[in-house]
Amino acid sequence: MKITFLGSGGGRFSAISQRRMTGGFRIDNLGGKNYHVDPGPGALIRTYQFGFDPRNLSGIFVSHAHTDHYNDAEILIEAMTRGMTKRNGTIFGSRSVLKGYEKWGPCISSYHQSQSDTVVLEPGVVREVDNIKVKGTEIEHGDPAGIGFQIDYNGFKVSYTSDTGYFDGLAEAHEGADILIASVLRPGNRTIPGHMCSRNFVDLIEKVKPKVAVMTHLGLKMISNNPVVEAKKISKKTGVKTIAAFDGLSFNVNYNNPKKFRLISLKDVESSMHSTSHDLFNSGRRNSYQTAFKNKEFDELSIIKKD
């Protein structure tokens with residue numbers, strides 16, 4: 001299994017400024033399946049930028065109805081379903097994301113839900129899909145129907161808190177996590193409602209006791225405060241290896257020894273789709289029809305049969 005962060009920024013002002021990318025993260029080769037989690041603004045572009053293909057997704061997770069978590073979900077669904085021409089994949093989401101709840105959502109149209117299976121995640125409820133078990137976890141955030149979740153693959157557990165304030169019961173919801181990924185918006189003790197700060201993350205880690213902890217969804221104050229230093233402080237305090245996510249962070253997970261891994265910093269692959277390189281552009285133009293036919297992407301093409 002590989003975990004890759006296509007963005008480590010979070011919160012509306014971090015998303016608007018793009019001081020950190022906000023594309024969420026991918027979990028690849030989890031039992032042969034690939035998933036994109038919380039595809040915020042720029043997720044599609046960052047997918048290509050770091051050398052991934054959105055068409056090989058098996059599922060998309062959206063935790064709640066805030067733009068920095070769902071913005072690119074529909075275009076990734078279109079990629080997963082080959083432009084809505086092939087039934088494929090699973091969309092996991094909160095009730096607000098998939099059905100709508102009070103003033104929140106729905107964030108994914110019924111049209112975009114029509115070619116995939118959908119799973120509404122509820123706190124404490126376990127659903128089994130693609131040989132993985134997914135448990136919804138409670139959050140305390142602006143979207144009252146939002147969720148975090150825990151993925152269980154053959155007993156190995158990856159937990160994601162999503163956006164939430166710290167509350168009694170949060171640790172129990174993520175009990176047994178081998179890898180704990182948390183939204184940690186602010187440094188030190190500077191908490192705000194609906195979000196965790198570093199101190200809250202320390203409390204959570206000390207109760208959950210994961211093998212590895214990752215802080216992501218970093219707000220502007222955290223980014224300005226040097227999140228790497230914050231992560232080192234948390235590691236020292238808890239004794240748990242703690243990583244501050246950065247844009248393009250990737251690591252392979254060793255199921256037998258999760259603490260043993262090497263951090264990789266992915267670079268822009270200069271995809272021909274986005275590069276200004278004339279050689280790449282001309283190559284892409286020459287092969288555009290061939291590539292489109294190969295992937296059965298005919299939305300801009302017409303096939304004329306000769307009489």
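Keep in mind that this is a model prediction, so the values were computed, not measured. Heavy atoms only: backbone and side chains are in, while hydrogens, waters and symmetry mates are out.
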Evaluate the side-chain contact (heavy atoms from CB on, under 4.5 Å) criterion for residues Lys2 and Asn29: first the C-alpha distance (whole Å), next the side-chain angles of each, then the deciding distance (0.1 Å), finally the verdict. CA-CA 7 Å; Lys2 176 191 287 186; Asn29 196 25; 6.0 Å; no
Any chance you could lay out the side-chain contact (heavy atoms from CB on, under 4.5 Å) test for Val158 and Leu30, step after step, and finish with the verdict? CA-CA 11 Å; Val158 178; Leu30 181 62; over 6 Å; no
Answer yes or no: is there a donor N or O on one side and an acceptor on the other, between the side chain of Gln113 and the main chain of Leu98, under 3.5 Å? yes
For the NZ atom of Lys135 and the OG atom of Ser159, what is their distance to the nearest 0.5 Å? 6.5 Å
Determine the minimum heavy-atom distance between Val62 and Tyr70, stating which atoms define it. CG1-CB, 3.5 Å
Report yes or no: does Thr164 contribute a side-chain atom to a donor-acceptor pair with the main-chain N or O of Ser162 at less than 3.5 Å? no
Are the side chain of Lys99 and the backbone of Ser96 linked by a donor-acceptor contact shorter than 3.5 Å? no
Examine the side chains of His217 and Asp38 and answer whether a donor and an acceptor come within less than 3.5 Å of each other. no
Can you tell me how far the CG atom of Asn34 sits from the CE atom of Met1, to the nearest 0.5 Å? 12.0 Å
Side chain of His141, backbone of Gly194: donor and acceptor closer than 3.5 Å? yes
Set out, in order, the CA-CA distance, both residues' side-chain angles and the distance that settles salt bridge (Lys or Arg N to Asp or Glu O under 4.0 Å) for Asp178 and Lys211, then state yes or no. CA-CA 5 Å; Asp178 294 285; Lys211 307 296 191 305; 3.2 Å; yes
Is there a donor-acceptor pair closer than 3.5 Å between any side-chain N or O of Glu78 and the backbone N or O of His112? no
How far does CD1 of Ile243 sit from CD1 of Ile234, to the nearest 0.5 angstrom? 11.5 Å
Answer yes if the ring centres of Tyr160 and Phe25 are under 6.0 angstrom apart, and no otherwise. yes
Does the Asp68 side chain pair with the main chain of Gly11, one donor and one acceptor, at a distance under 3.5 Å? yes
State whether a side-chain donor-acceptor pair under 3.5 Å links Arg20 with Ser8. yes
Distance-only, no hydrogens or angles: does the Glu230 side chain make a donor-acceptor pair with backbone N or O of Gly188 under 3.5 Å? yes
Heavy-atom donor-acceptor pair, Thr191 side chain to His195 backbone, under 3.5 Å: yes
Output yes when a side-chain donor or acceptor of Thr22 lies under 3.5 Å from a complementary backbone atom of Pro41, and no otherwise. yes
Rounded to the nearest 0.5 Å, what separates atom OG1 in Thr47 from atom CZ in Arg55? 11.5 Å
If you measure from OG on Ser116 to NZ on Lys86, what distance do you get to the nearest 0.5 Å? 11.5 Å
Heavy-atom check, side chain of Trp104 versus side chain of His66, under 4.5 Å: yes
Rounded distance [0.5 Å steps], OG1 in Thr161 versus CD1 in Ile181: 9.0 Å
If you draw the axis of the six-membered ring of Phe261, does the NZ or CZ of Lys241 fall within 45° of it and under 6.0 Å from the ring centre? yes
List the atom of Val184, the atom of Met215, and the distance in Å for their closest heavy-atom pair. CG2-CB, 3.7 Å
Under the 3.5 angstrom rule, does the side chain of Arg19 hit a backbone N or O of Gly219 as a donor-acceptor pair? no
Check for me whether the distance between the ring centres of Phe149 and Phe92 falls short of 6.0 Å. no
Minimal heavy-atom distance between Gly146 and Ser94, with the atoms involved, is CA-CB, 4.0 Å
